[in-house]
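As structure tokens, the structure follows; a few thoughts come after it.
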Number of protein chains: 2
Amino acid sequence: MTEDYRIDNLDKTILTALQADARTPYAELAKRNGVSPGTIHVRIEKMKQAGIITSAQVIVDPKKLGYQVCCFIGINLKAAGDYPEVLKKLQALPEVVEAYYTTGHYSIFTKILTHNIDALHHLLVHQIQSIEQIQSTETLLSLQQPIHRQINP
Amino acid sequence: MTEDYRIDNLDKTILTALQADARTPYAELAKRNGVSPGTIHVRIEKMKQAGIITSAQVIVDPKKLGYQVCCFIGINLKAAGDYPEVLKKLQALPEVVEAYYTTGHYSIFTKILTHNIDALHHLLVHQIQSIEQIQSTETLLSLQQPIHRQINP
DNA sequence: GATGAAAAAATTTGCGG
DNA sequence: CCGCAAATTTTTTCATC
């Protein structure tokens, strides 16, 4: 997390492989790249130190857990200074999985998952629009997510 | 990926731990939950089989790789039927890390990462707005992402 | 289904080039 | 900085409850 580090081609192929499968054995990566498992280990540790690799996460399919509805809600605030207060309230809602502070059409832009449309309706009206610093909201319902990937190192 | 499976509390705590750190040792999870490592293993395998766990990924910090700019681009198509064609072209752009088919203000909603504002400008004008089936676009620049997490199982 | 210990595999460390 | 190989840790299997 401290030092800067400029990655080379070996690092890139390691990263790309681990983005797809964080459990790829070091021996496998070593063989693919013609180096030893020890070298793979060293490179990964360096990229962790440099903050390039932030974590390894198991990815869960929200639909399989009953979260059938995915949407974005754009939020406009009454005053720009209300931002921290509103953020704190959004943070307390587990359905809000992402929030962005944006320029353009909205002040805050959020990604939301709910079990169904009724739950979304309830969340919107009773948890979000009821936040006093919020002036207006706009909802974009996602019907499908055809692209979801990480950036190519 | 085949069968349905209703998760219990043990599964939930396992999932929550692995969402934060996919490398949490099974022995550690076993101790925390008062079960054996074998049980942890069986539960995880079942959740993989059921498609609840889709993958384990190393998460990379785009900024540390030089991708300083994050934005959303909302796209409106000339005709709804142009959707597959446009999607194919977006798929070919590695900067497009997410795409959603949405109702509401836009037809397609994308999340984009670029090295800098110039690169965004170039991508927007020469790669996206030049797609003939696209009627108009709207860009939301993200200044900060204060919330990014997975859904709570 | 879960256990727990044994077997197999992977990760980590440290010496030497 | 890399490779090799030993030491450690983790995952996986399996006979048993």
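Lettering of chains follows the sequences in order, A, B, ..., and the numbering in each one begins at 1.
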Query raised in the report: B/Asn9 has an atom CG; how far is it from atom P of C/dA2, in whole Å?
Result: 13 Å
Query raised in the report: Can you get from B/Leu140 to A/Tyr101 by hopping between Ile, Leu, Val, Met, Phe, Trp and Tyr side chains that sit under 4.5 Å apart?
Result: no
Query - Protein-nucleotide distance (A/Leu10, atom CG; D/dC2, atom C1'), rounded to Å - result: 11 Å
Query - Value in whole Å for how far the P atom of C/dA2 lies from CG of B/Asn33 - result: 12 Å
Query raised in the report: Considering residues at least two apart in sequence or located in another chain, which fulfil the side-chain hydrogen bond (donor to acceptor under 3.5 Å, both in side chains) criterion with B/Tyr106?
Result: B/Glu138
**Report entry** Closest non-hydrogen atom pair between B/Tyr67 and A/Asn152, with its separation
**Finding:** OH-O, 3.7 Å
Report summary line: Taken to the nearest whole Å, CG/B/Leu29 to P/C/dT3 is 14 Å
Report summary line: When rounded to whole Å, the CZ to C1' distance for the pair B/Arg43 and C/dT3 reads 13 Å
Query - Rounded interatomic separation in angstrom, taking CD1 from B/Ile40 and C1' from D/dT13 - result: 16 Å
Requested in this report: Kindly say if A/Thr39 contacts the phosphate of D/dC2, meaning a side-chain N or O under 4.0 Å from OP1 or OP2.
Outcome: no
**Report entry** Side-chain heavy atoms of A/Leu141 within contact of A/Cys71, under 4.5 Å
**Finding:** yes
Query - Smallest separation among heavy atoms of B/Gln57 and A/Ala22, with atom names - result: C-CB, 3.7 Å
Query raised in the report: Roughly how far, to the nearest 0.5 Å, is CD1 of A/Ile131 from CG of A/Leu93?
Result: 6.0 Å
Query - Summary of protein contacts for nucleotides 8-13 of chain C, nucleotide by nucleotide, where a base hit scores B, a sugar-phosphate-only hit scores S (4.0 Å, heavy atoms) - result: --SSSB
